[in-house]
Visitor: 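Right, I'll just put the structure down here and ask away after.
So that the names make sense, note that chain A is the first sequence line, chain B the second, and so on, each numbered from 1.
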Protein chains: 2
Amino acid sequence: MAITIKDIADKAGLSPASVSRILTNRGRFNADTAKRVRELAESMGYLKNQSAADLSQKQSRVIGVLVPSEHTNFADEIIKGMRSKAYELNYELLIAFVDVNKEQQLQTVHSLLSRKVLAIVMLAVDIEIADPVFNLLTSTGVQLLSVSNQLNNEIPSISSDNYVMMHQIVDYLYEHGHEKIALIGASNPNSIVAKLRRQGFIDALSKHGIEHHPDFIWGTENAYQTGMDAIKHFGIPLPFTAAIGSADIISVGILNGAKDAQIDVPKDLSIITIDGTEIAQITRPILSAAKQDFQLMGQLAISALDEQELAPHAVFFTETKIVPSGTVTTLDKNN
Amino acid sequence: MAITIKDIADKAGLSPASVSRILTNRGRFNADTAKRVRELAESMGYLKNQSAADLSQKQSRVIGVLVPSEHTNFADEIIKGMRSKAYELNYELLIAFVDVNKEQQLQTVHSLLSRKVLAIVMLAVDIEIADPVFNLLTSTGVQLLSVSNQLNNEIPSISSDNYVMMHQIVDYLYEHGHEKIALIGASNPNSIVAKLRRQGFIDALSKHGIEHHPDFIWGTENAYQTGMDAIKHFGIPLPFTAAIGSADIISVGILNGAKDAQIDVPKDLSIITIDGTEIAQITRPILSAAKQDFQLMGQLAISALDEQELAPHAVFFTETKIVPSGTVTTLDKNN
DNA sequence: TTGAAAGCGGTACCAG
DNA sequence: CTGGTACCGCTTTCAA
């Protein structure tokens with residue numbers, strides 16, 4: 001049997017109540033006895049039983065985090081941001097991976113909820129209102145927050161402004177002489193982010209007087225293969241001069257697909273990737289990127305949860321910026 | 001206030017005890033009332049308070065997982081393996097990222113321990129016996145298990161047989177005519193795995209009558225930059241014909257470093273990478289790899305914890321295998 | 001098969 | 001500043 005607060009109390013000739021106060025730094029107590037108690041606890045190897053504390057307080061400082069297990073690598077960066085802020089503000093993160101299996105998802109969410117977490121942060125989780133998981137999530141009234149995904153108005157979110165970001169990207173390509181542009185990997189009809197990107201893409205083009213070519217919006221899966229397949233799908237010569245990859249891994253696929261097809265990047269195809277994580281920087285050439293600030297999203301997530309009741313429709317945006325590297329070339333306008 | 005077991009009991013005209021038995025499927029109870037109770041629970045939106053349950057049982061089915069936050073990407077695969085097995089055997093995973101900050105490490109481990117996890121799995125965590133974290137970890141008597149890292153005899157482990165793997169690699173290269181071989185990124189003197197790899201490397205070479213060149217064992221950090229720097233460090237022409245990257249990310253660095261220095265891979269330099277995760281397959285050429293079975297390690301970890309008391313010195317090995325791809329060429333022996 | 005009651009380890013209120 | 005004590009929600013004897 002592990003050592004409890006009562007053991008310490010006995011040894012110190014105090015009551016459990018006092019020891020608790022001291023160890024949690026709450027209420028009043030004598031500084032000297034406090035010191036003594038703390039030393040005693042230390043030397044006895046005392047470890048608080050968090051379950052007991054949680055039970056007693058009916059509120060924990062645990063924030064649950066749902067991470068899709070197909071684990072797009074930016075998740076790591078968001079978590080990093082959350083970790084640093086959580087440490088600072090003394091929250092604990094309970095990270096749970098959810099995969100596609102519905103049954104397992106429910107079980108995972110159940111287990112978070114069972115731990116009486118004070119909030120649940122969803123990382124890039126696409127979820128529909130009709131989903132039983134969504135139901136479960138909302139049924140208990142835990143604070144929810146979606147990061148890096150704009151959901152419906154039911155859940156507050158922190159993300160890039162995907163619509164605006166597409167304008168940045170298109171503007172950038174346009175300035176470099178590109179007018180025939182493809183958007184790869186954002187065709188998922190159920191993803192709100194994908195929808196915003198498509199709309200931003202279309203509007204940005206039309207802002208420059210370019211009518212978009214519907215076929216140039218292609219590819220649903222957020223995967224390497226989507227990029228590879230894109231090249232095969234469009235064939236040679238490619239009907240566009242630039243491609244936007246809707247995630248780094250997709251863009252790497254585009255790049256390799258092009259390479260395999262003897263298409264020179266960036267001479268014959270410019271690529272700009274969305275995300276700009278580490279993986280975009282280990283390619284040759286290095287991928288020009290629209291970089292999202294994932295760490296900041298993570299930090300904001302924790303701060304936001306710490307500070308306020310979040311209105312269901314609250315939306316926070318972090319900046320995105322274009323980071324030029326080696327995959328976008330300037331087209332001669334006379335081409 | 002959330003719904004409790006007592007609420008259900010009241011509504012069902014039963015005692016909390018019975019409801020508990022039914023909902024946990026323990027002991028005897030009437031099948032019909034059981035059905036009724038379960039439906040009631042469902043409809044009332046009951047969620048077990050796991051803290052209370054844990055407290056009461058003084059034992060949880062939670063397995064804590066320590067993941068280094070510089071999060072070498074194979075960690076994901078191990079976790080995937082653990083998840084599937086955990087789900088199967090009805091364990092919960094509590095994943096905690098640990099970073100280099102000692103203070104934070106201690107706090108993280110504390111928090112795992114506070115939750116009375118029944119075991120702690122350490123993923124590729126290098127830790128020394130003198131480390132206060134190690135002390136804390138061992139002080140409570142939780143079952144420990146190290147995955148993908150061979151530690152000392154104090155902690156059971158599941159990993160590849162790094163010594164044997166180096167023989168596989170060297171044999172493979174030797175069969176392809178390579179005798180001048182470098183080992184990049186395994187020079188960390190404190191890592192047991194690195195030590196085993198160095199030793200295996202040296203012994204395998206000498207088995208083929210090759211005296212190893214100490215300078216060819218180079219690079220400490222498990223990082224992209226290590227690979228890049230290696231090329232610069234050795235200069236052109238490279239004094240070896242093949243390089244072994246001690247992790248995928250290192251190998252990618254070697255590959256890119258070579259590319260940047262106009263060294264043709266594999267014609268002028270063969271590369272074989274250790275790990276063989278996804279990242280090794282999105283390079284051009286694709287990296288030939290000594291692949292470790294991370295998923296299996298994860299599954300074994302959970303099974304092992306489930307089945308038995310693990311002896312402190314227990315060691316499980318999973319197979320490694322050479323997966324040829326595009327970065328190893330056959331040398332003409334007359335060169 | 002079911003119920004009463006005694007905890008599990010902390011916390012917090014209220015008295016002292 | 002400190003102690004007594006009644007919970008928190010669930011599990012688990014032991015009796016009924």
Side-chain angles (χ1 to χ4, degrees), chain A residues 1-38 40-41 44-62 92 110-111 113-118 140, chain B residues 1-38 40-41 44-62 90 92 110-118 140:
Chain A
M1 180 85 315
I3 157 134
T4 77
I5 223 174
K6 190 159 181 313
D7 300 323
I8 300 180
D10 289 348
K11 205 153 221 153
L14 287 172
S15 74
S18 300
V19 176
S20 171
R21 256 178 259 122
I22 290 168
L23 259 23
T24 52
N25 247 314
R26 266 189 278 260
R28 333 212 140 282
F29 48 79
N30 182 299
D32 290 339
T33 49
K35 183 150 172 292
R36 200 160 51 86
V37 166
R38 275 193 252 272
L40 212 45
M44 296 171 74
Y46 169 73
L47 266 178
K48 166 199 298 215
N49 182 327
Q50 196 60 48
S51 298
D54 287 351
L55 176 58
S56 168
Q57 297 183 129
K58 315 174 62 50
Q59 214 235 81
S60 69
R61 288 189 65 86
V62 177
E92 249 181 272
H110 243 102
S111 105
L113 260 15
S114 295
R115 291 234 134 65
K116 300 289 178 249
V117 295
L118 62 72
T140 57
Chain B
M1 181 86 315
I3 261 244
T4 77
I5 222 174
K6 193 161 178 310
D7 300 323
I8 300 180
D10 289 348
K11 207 154 221 156
L14 287 171
S15 75
S18 301
V19 176
S20 171
R21 257 178 256 121
I22 290 168
L23 260 22
T24 53
N25 246 314
R26 266 188 279 263
R28 334 211 142 282
F29 48 79
N30 181 299
D32 291 339
T33 50
K35 183 150 173 292
R36 198 159 53 85
V37 166
R38 276 194 251 273
L40 212 45
M44 295 172 76
Y46 169 72
L47 267 178
K48 167 199 297 209
N49 183 327
Q50 196 60 48
S51 298
D54 287 351
L55 175 58
S56 169
Q57 300 183 122
K58 313 168 68 47
Q59 218 234 74
S60 67
R61 288 187 69 85
V62 176
N90 199 26
E92 249 181 90
H110 241 101
S111 101
L112 279 188
L113 260 16
S114 296
R115 290 234 134 67
K116 300 288 179 252
V117 293
L118 61 74
T140 56

Visitor: List for me each residue that meets salt bridge (charged side-chain N to carboxylate O under 4.0 Å, His left out) alongside A:Lys35, sequence neighbours excluded, and say none if there are none.
Guide: A:Glu39

Visitor: Taking atom C1' of D:dG9 as reference, at what distance in whole Å does atom CG of B:Asn49 sit?
Guide: 6 Å

Visitor: Nearest whole Å is fine: how far is C:dG10 C1' from A:Asn25 CG?
Guide: 16 Å

Visitor: Given 3.5 Å as the limit, does a donor-acceptor pair link the side chain of A:Ser20 with the main chain of A:Pro16, or not?
Guide: no

Visitor: Please identify each residue that fulfils side chain to side chain contact (heavy atoms under 4.5 Å, CB included) with A:Lys6, with sequence neighbours left out.
Guide: A:Thr4, A:Asp10

Visitor: According to a strict under-4.0 Å criterion, is B:Thr4 in side-chain N/O contact with OP1 or OP2 of D:dG9?
Guide: no

Visitor: Can you list the residues that meet the side-chain hydrogen bond (donor to acceptor under 3.5 Å, both in side chains) rule with A:Thr33, with sequence neighbours excluded?
Guide: none

Visitor: Would you mind reading off the distance between B:Arg28 atom CZ and C:dG3 atom C1', rounded to a whole angstrom?
Guide: 17 Å

Visitor: Mind checking side-chain hydrogen bond (donor to acceptor under 3.5 Å, both in side chains) for A:Asp54 and listing every partner two or more places apart, or none if nothing turns up?
Guide: A:Gln50, B:Arg115

Visitor: Which residues pass the side chain to side chain contact (heavy atoms under 4.5 Å, CB included) test with B:Arg38, sequence neighbours left out?
Guide: B:Ile22, B:Leu23, B:Asn25, B:Phe29, B:Ala34

Visitor: Tell me every residue that passes side-chain hydrogen bond (donor to acceptor under 3.5 Å, both in side chains) with B:Ser18, counting only those two or more places apart in sequence or in another chain.
Guide: B:Ser15

Visitor: For nucleotides 11-16 of chain D, read 5' to 3', which letter fits each nucleotide if B means a protein heavy atom sits under 4.0 Å from the base, S means only the sugar-phosphate is that close, and - means neither?
Guide: BBB---

Visitor: Taking five pairs at each end, how big is the angle between the two axes of the helix from C:dT1-D:dA16 to C:dG16-D:dC1, to 10°?
Guide: 30°

Visitor: Find the distance A:Lys58:NZ to D:dG9:P and express it as a whole number of Å.
Guide: 3 Å

Visitor: Measure CG/B:Leu55 against P/C:dG9 and give the value in whole Å, please.
Guide: 7 Å

Visitor: If the condition is side chain to side chain contact (heavy atoms under 4.5 Å, CB included), which residues does B:Asp32 pass it with, not counting sequence neighbours?
Guide: B:Asn30

